[in-house]
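Before any comments, here is the structure.
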Amino acid sequence: MRISIKLKFSLFLAVLLILSISILSYFVLRGVGRNQQAQTENLLAQHVKTVNLRVKQTYYTGTRLTPQAFMQQRGKALAAELAGFTGLQVTLYDTKGQQVGTSLQREGPAAGRKPADALAYALQNKIAYQSSGDTLLYLAPLQGPEHQMGVVQLEYPLQDAQSFQRTLLNLFLTTGAAVLVLSFIGGYLYFNKAAAAIGRLKKAAESIRRAEYISAPPVKRKDELGELADGIYFMSREIDSSIAAKDEEQRKLQLAVQKLQALEQQQKQYIGNISHEFKTPLTSIKAYVDLLNMYDDDPKLLSDAKLSIAKETQRLYEMVEKVLQLTALEKYDFESQAELLEVADVLQDICSRMKGKAERYGLTITLDAEPAQIWADKESFMHIFINLLDNAIKYNVPQGTVLLHSGVRDHRVWITVRDSGIGIPAESRDKIFEPFYTVNRDRSRQSGGTGLGLSLVRNLVEKQNGTIELLEPDGEGTAFQLSFPVMS
């Protein structure tokens with residue numbers, strides 16, 4: 001019996017297709033199973049991260065307890081809350097393997113039973129899971145502030161995945177029979193599909209040429225065409241990244257130029273202010289020197305000149321010293337020695353140092369400080385409040401008062417320096433932190449003010465991660481409020 005070559009090829013193709021479909025079905029079903037397993041594990045791992053983040057947030061923001069006490073007290077509420085976050089049934093165990101909370105509200109395959117082996121494994125700071133009917137129990141460690149503080153159990157339903165695999169198996173069986181009948185058509189469609197893939201690759205190349213960069217490989221295949229698609233996608237991404245990087249560098253360069261221009265303007269203004277402020281006391285000194293050259297035998301003039309020259313010289317010295325301090329803040333930040341400070345003790349020390357000067361002016365300093373600890377450079381911290389108290393004394397009224405108050409709220413210590421002095425006019429409130437700015441130049445010269453104190457204070461406060469602001473006037477006087485982060 002002679003069999004035609006057409007039939008032989010048809011039979012060979014049929015056998016080849018049956019073998020191919022069988023192998024394909026096996027690997028596809030296996031791959032789908034693995035993919036579903038990987039997706040499930042990734043999803044559950046993300047849920048565990050969310051659970052750990054929420055538990056840590058609750059632990060750190062609530063009353064400080066030991067991990068064991070925290071789990072016992074908050075376990076039930078946390079389980080219900082976490083079930084709402086994840087959309088899964090959640091059960092929490094402490095480090096002893098005791099259940100401390102669960103969101104289960106129904107009877108089911110896993111209800112009321114602890115997966116002993118998996119739980120013991122998870123208590124060793126490892127991830128464990130086991131199937132129970134159509135439910136996957138996923139157990140992962142709960143991380144505490146230092147060590148593991150328990151285990152979280154997530155229940156993931158498997159009905160959809162199992163149903164999908166059965167549907168997929170039936171689909172392969174039915175389509176396999178159809179493929180045998182349509183084998184020749186299938187071959188044609190395969191080559192047609194390859195041609196279509198080549199067409200998509202060409203279209204992607206044309207898009208890149210027009211600077212329309214692709215966001216995904218144009219073809220997803222496990223052959224040379226797929227590799228070519230990945231290569232085109234990689235090339236598109238690299239070109240897009242290079243252009244984006246170039247645009248970002250251009251933006252940064254423009255920003256740097258703008259900052260340099262602004263810095264140049266500030267430098268010119270700063271030099272002008274220094275020159276103007278230095279010129280005023282030098283003019284006074286020169287005037288007295290000229291008078292002494294003309295009337296060197298006038299004892300009263302000699303006495304006045306000595307006092308004025310000494311006063312203006314001291315003012316010059318203070319201005320130079322504070323200019324150098326401001327410059328050092330910009331260049332030598334690394335020299336600050338941060339340490340743990342008790343705010344109330346340091347403020348008490350500062351008030352004691354300034355008490356003598358306050359009494360000379362007939363003033364009273366009052367301190368009301370709540371205990372709090374901050375991380376800051378002690379010398380800078382003392383310099384800040386000595387400057388503020390010195391201003392409060394110099395610009396106060398006879399028999400006036402200076403009040404320091406500190407309190408803690410919102411994880412920060414808030415310190416208020418309030419005096420009963422002459423106050424600051426509304427038009428000057430936005431400028432008082434500028435270098436060389438003084439509210440009343442005549443009063444500043446009488447008291448030795450340079451206009452650099454508050455600028456220096458603001459720089460020192462910002463170096464300690466703090467804030468300072470001038471409060472709205474509440475009656476007479478001036479009030480500054482400062483804040484620093486509290487060490488918990």
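Numbers for residues simply follow the sequence, beginning at 1.
Annotation: ring-ring contact (aromatic ring centres under 6.0 Å, His included) contacts involving residues 37-72, sequence neighbours excluded, comprise Y59-F70. A ring-ring contact (aromatic ring centres under 6.0 Å, His included) check over residues 119-156, counting only residues at least two apart or in different chains, returns nothing. Residue pairs meeting the salt bridge (Lys or Arg N to Asp or Glu O under 4.0 Å) criterion with at least one partner in residues 26-52, sequence neighbours excluded, are absent. The salt bridge (Lys or Arg N to Asp or Glu O under 4.0 Å) pairs that include a residue from residues 71-96 are R54-E81, where partners are two or more places apart or lie in different chains.
Taking R210 as the reference, E212 meet the salt bridge (Lys or Arg N to Asp or Glu O under 4.0 Å) condition, with sequence neighbours excluded. Residues passing the salt bridge (Lys or Arg N to Asp or Glu O under 4.0 Å) test with E249: none are found, sequence neighbours excluded. Partners of T61 according to the side chain to side chain contact (heavy atoms under 4.5 Å, CB included) rule, which considers only residues two or more places apart in sequence or in another chain, are Q57. Partners of R251 under the side-chain hydrogen bond (donor to acceptor under 3.5 Å, both in side chains) rule, at least two apart in sequence or in another chain, are E248. Residues satisfying the salt bridge (Lys or Arg N to Asp or Glu O under 4.0 Å) test with R353, not counting sequence neighbours, are D349. Residues passing the side chain to side chain contact (heavy atoms under 4.5 Å, CB included) test with K220 are P217, sequence neighbours excluded. Considering only residues two or more places apart in sequence or on other chains, F381 meets the ring pair (Phe, Tyr, Trp, His ring centres under 6.0 Å) condition with F385, F484. The side-chain hydrogen bond (donor to acceptor under 3.5 Å, both in side chains) test applied to T478 returns no partner, not counting sequence neighbours.
Side chains of S103 and Q89: a donor-acceptor N/O pair is present below 3.5 angstrom, by distance only. A donor-acceptor pair shorter than 3.5 Å can be found between the side chains of Q39 and N35. T95 and Q68 share a side-chain donor-acceptor pair at under 3.5 Å. Judged by distance alone, the side chains of Y93 and Q153 do bring a donor and an acceptor atom under 3.5 Å apart.
Between L158 and T135, every side-chain heavy-atom pair lies at or beyond the 4.5 Å cut-off. In this structure, the side chains of T366 and L404 stay at 4.5 Å or more apart for every pair of heavy atoms. For the pair Q143/M149, no side-chain contact is recorded, criterion being any heavy-atom separation below 4.5 Å from C-beta on. A heavy-atom distance below 4.5 Å is found between the side chains of S380 and Q464. Taking 4.5 Å as the limit, some side-chain heavy atom of M487 sits within range of a side-chain heavy atom of L340. The shortest distance between side-chain heavy atoms of I243 and I239 falls below 4.5 Å. Within the 4.5 Å cutoff, the side chain of V343 has heavy atoms near those of the I415 side chain. Proximity of L142 to N52: side-chain heavy atoms (C-beta onward) are separated by under 4.5 Å at one or more points.
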- prompt: Step by step, would you call Q373 with L341 a side-chain contact (heavy atoms from CB on, under 4.5 Å)?
  reply: CA-CA 5 Å; Q373 291 183 327; L341 301 182; over 6 Å; no

task: Could you walk me through whether V151 and L92 pass side-chain contact (heavy atoms from CB on, under 4.5 Å), step by step?
output: CA-CA 6 Å; V151 172; L92 298 177; over 6 Å; no

query: How far apart are the C-alpha atoms of I350 and L367, what are their side-chain angles, what is the distance that settles it, and do they pass the side-chain contact (heavy atoms from CB on, under 4.5 Å) test?
result: CA-CA 10 Å; I350 295 171; L367 173 63; over 6 Å; no

- request: Kindly indicate, with the supporting measurements, whether the criterion side-chain contact (heavy atoms from CB on, under 4.5 Å) is fulfilled by R418 and T401.
  value: CA-CA 8 Å; R418 188 183 301 274; T401 59; over 6 Å; no

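Counting all heavy atoms, side chain and backbone alike, Q148 lies closest to L123 at OE1-O, 3.3 Å. A pairwise comparison of heavy atoms in L78 and T58 identifies CD2-OG1, 3.9 Å as the closest pair. The two residues P141 and K126 make their nearest non-hydrogen contact at CD-O, 3.5 Å. Minimum interatomic distance between A344 and E370 (heavy atoms only, all atoms of both residues): CB-O, 4.4 Å. Minimum interatomic distance between I374 and P485 (heavy atoms only, all atoms of both residues): CG2-O, 3.6 Å. Shown here for L119 and G97, the closest heavy-atom pair between the two residues is CD2-O, 3.7 Å.
Interatomic distance, I384 CD1 to L454 CG, rounded to the nearest 0.5 Å: 11.5 Å. The distance from atom CG of L388 to atom OG1 of T416, rounded to the nearest 0.5 Å, is 11.0 Å. Interatomic distance, K259 NZ to Q254 CD, rounded to the nearest 0.5 Å: 13.5 Å. Residue M354 holds its CE atom at 4.5 Å from CG of D390, rounded to the nearest 0.5 Å. The distance from atom CG of L228 to atom CG of L201, rounded to the nearest 0.5 Å, is 5.0 Å. Taking OG of S163 as the start and CG of D134 as the end, the distance is 11.5 Å to the nearest 0.5 Å.
Without hydrogens or angle criteria, W414 side chain to R409 main chain gives a donor-acceptor distance under 3.5 Å. A donor-acceptor pair under 3.5 Å links the side-chain atoms of S242 to the main chain of E238, judged by distance alone.
With a 6.0 Å radius and a threshold of 12 heavy atoms from other residues, nucleotides or ligands, D160 has its CG atom at or below the threshold.
For the pairing with L44, the side chain to side chain contact (heavy atoms under 4.5 Å, CB included) check across V51, T86, L88 returns one residue only, L88.
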